[in-house]
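One structure below.
Note that ligands are numbered from 1 as they come in the structure, with each ligand's atoms numbered from 1 the same way. Just so you know, these numbers come straight off a predicted model, no measurement behind them.
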Amino acid sequence: MGDPRALDGARLAKEIEAELVDRVELLRSRTGRAPKLATILVGADPASATYVRMKRNACKRVGLESVSIELPETTMTETLLTQIEALNDDADVHGILLQHPVPAQVDERAAFDRIALEKDVDGVTTQGFGRMAMGEPAFGSATPAGIMRLLDHYEIPIEGRRAVVIGRSPILGKPIAAMLLNRNATVTVCHSRTRDLADVVREGELVVAAVGIPRFIRADWIRDGAVVVDAGFHPEKCGDVDLEAAIARASAYTPVPGGVGPMTIATLIAQTVEAGEAALGVSSGD
Ligand code: NAP
């Protein structure tokens with residue numbers, strides 16, 4: 001096989017940010033205001049705190065405003081819901097990010113679903129998911145929407161292809177499966193009860209790994225010429241695929257780091273700008 005193509009999410013994310021800078025400037029010049037993202041972090045999980053910091057830094061880079069809400073580890077569902085409602089009612093806030101995961105005593109689904117649809121810039125609500133799955137306008141879940149944008153940027157064919165998604169979480173596996181299906185891929189979704197997983201993955205011309213286990217997908221499960229999207233990210237700086245070995249078989253792959261991660265943040269920021277444009281009545285095409 002020829003050298004596989006690296007789908008460079010870090011580079012594309014930079015290009016997206018550069019375009020967003022112009023859109024935010026336009027908004028500011030026309031309305032005197034900038035879109036604002038509210039981030040909510042519940043508890044003190046260091047990885048979650050890092051993700052929220054990275055998202056706020058990205059806001060700064062493109063000129064967005066942000067407000068950070070930090071709630072203690074012991075927060076109960078009702079307190080979080082009240083906080084989300086206050087942000088829903090705040091006309092200066094255009095997007096709300098509730099960092100996943102929340103502590104075990106909090107009903108995360110209830111909290112996600114309390115986010116107003118027009119402020120659901122991370123694409124986590126049941127209604128947003130349903131609309132997206134039905135092909136209606138909605139903000140996509142940030143990680144899968146970022147993956148789709150990356151695949152499109154590199155003109156990876158999707159229609160008619162056999163896609164295998166490993167993982168069925170509400171923020172990743174399920175929405176990426178729906179997005180691929182909407183684009184006419186033939187999609188198989190695998191999970192912890194899937195039998196003969198290796199054989200199923202071998203069917204995939206496009207493989208999306210969203211398992212949450214370091215290097216779980218082995219190179220000999222990857223068919224020759226497959227496109228490998230590795231959504232995983234672990235402290236040991238590897239993903240969910242044994243990428244070093246799998247690259248030899250793939251036609252294209254997302255590097256870890258520098259593939260899916262930066263696209264997630266760029267998508268969140270882009271959707272916040274869109275929400276701001278809609279709320280402030282200015283679009284980039286005006
Ligand atoms: P999750 O909620 O833990 O879901 C993991 C999924 O993998 C579940 O559906 C689970 O199946 C399935 N699974 C677990 N063990 C399996 C096995 N042995 N065989 C087959 N399937 C198995 O994880 P997530 O939130 O979707 O995240 C997945 C990965 O993406 C993680 O590595 C996470 O760090 C990464 N991630 C990256 C970003 C980013 O911005 N780069 C964002 C979010 C997540 P069941 O449903 O049967 O339990």
Side-chain angles (χ1 to χ4, degrees), residues 7-10 12-13 16 39 41 45-58 97-104 106 108-109 111-112 121-124 129 139-151 163-180 187-204 207-218 221-222 228-243 246 253-271:
L7 309 179
D8 190 341
L12 179 56
I16 292 169
T39 61
L41 176 65
D45 174 54
S48 292
T50 302
Y51 290 136
V52 170
R53 199 167 48 247
M54 288 166 75
K55 289 164 186 177
R56 298 191 70 223
N57 287 342
L97 165 93
L98 169 60
Q99 183 62 43
H100 161 83
V102 294
V106 176
E108 185 178 77
R109 178 45 45 205
F112 279 155
V121 291
D122 203 30
V124 294
F129 176 89
F139 293 124
S141 180
T143 302
I147 291 170
M148 296 304 287
R149 185 148 184 191
L150 188 60
L151 294 174
V164 175
V165 177
I166 310 105
R168 57 171 166 182
S169 73
I171 58 160
L172 228 171
K174 276 184 186 150
I176 191 80
M179 288 175 192
L180 291 167
V187 184
T188 303
V189 184
C190 305
H191 45 78
S192 63
R193 321 284 165 82
T194 296
R195 279 185 287 120
D196 305 323
L197 181 64
D199 288 339
V200 180
V201 176
R202 278 189 198 105
E203 293 277 306
V207 174
V208 180
V211 200
I213 304 173
R215 297 196 178 92
F216 177 75
I217 308 291
R218 303 226 312 262
W221 301 4
I222 300 297
V228 177
V229 174
D230 189 348
F233 186 64
H234 303 283
E236 45 274 60
K237 299 237 185 308
C238 69
D240 290 351
V241 180
D242 182 10
L243 259 186
Y253 67 99
T254 57
V256 180
V260 173
M263 289 304 297
T264 298
I265 295 182
T267 303
L268 170 75
I269 301 303
Q271 295 191 149

What are the atoms of ligand 1, with element, lying closer than 4.0 Å to any heavy atom of Thr264? 39 (C), 40 (O)

Tell me whether His234 reaches ligand 1 (any heavy atom closer than 4.0 angstrom to a ligand atom). yes

Could you tell me the residue and atom name of the protein heavy atom closest to atom 19 (N) of ligand 1, and the distance to it rounded to 0.1 Å? Phe216 CZ, 3.6 Å

Within 4.0 Å of some non-hydrogen atom of Ile213, the atoms of ligand 1 are 15 (N)

Donor-acceptor contact below 3.5 Å, side chain Asp240 vs main chain Val211: yes

Heavy-atom gap Ala231 to ligand 1 smaller than 4.0 Å: yes

Among Val211, Ile147, Thr143, Thr254, which residue places a heavy atom closest to atom 5 (C) of ligand 1? Val211

Keeping Asp242 on the side-chain end and Arg215 on the backbone end, is there a donor-acceptor pair under 3.5 Å? no

In terms of relative ring orientation, are Phe216 and Trp221 parallel, tilted or perpendicular, with 30° and 60° separating the classes? perpendicular

So the atoms of ligand 1 within less than 4.0 Å of a heavy atom of Leu172 turn out to be 26 (O), 27 (O), 28 (C), 30 (O), 36 (N), 43 (C), 44 (C)

Check contact between Tyr51 and ligand 1, using heavy atoms of the residue and a distance below 4.0 angstrom. no

Who are the ring-ring contact (aromatic ring centres under 6.0 Å, His included) partners of Phe129, not counting sequence neighbours? none

Within 4.0 Å of some non-hydrogen atom of Ala210, the atoms of ligand 1 are 5 (C), 6 (C), 7 (O), 28 (C)

Per the side chain to side chain donor-acceptor pair (under 3.5 Å) rule, what does the pair list look like for residues 256-269, sequence neighbours excluded? Thr143-Thr264

Answer yes or no: is there a donor N or O on one side and an acceptor on the other, between the side chain of Ser169 and the main chain of Leu172, under 3.5 Å? yes

Residue Gly212 vicinity, atoms of ligand 1 by number, heavy atom under 4.0 Å: 28 (C), 29 (C), 31 (C), 32 (O)

Can you tell me if Asp240 contacts ligand 1 (heavy atom of the residue under 4.0 Å from the ligand)? yes

Is there a heavy atom of Gly261 sitting under 4.0 angstrom from any atom of ligand 1? yes

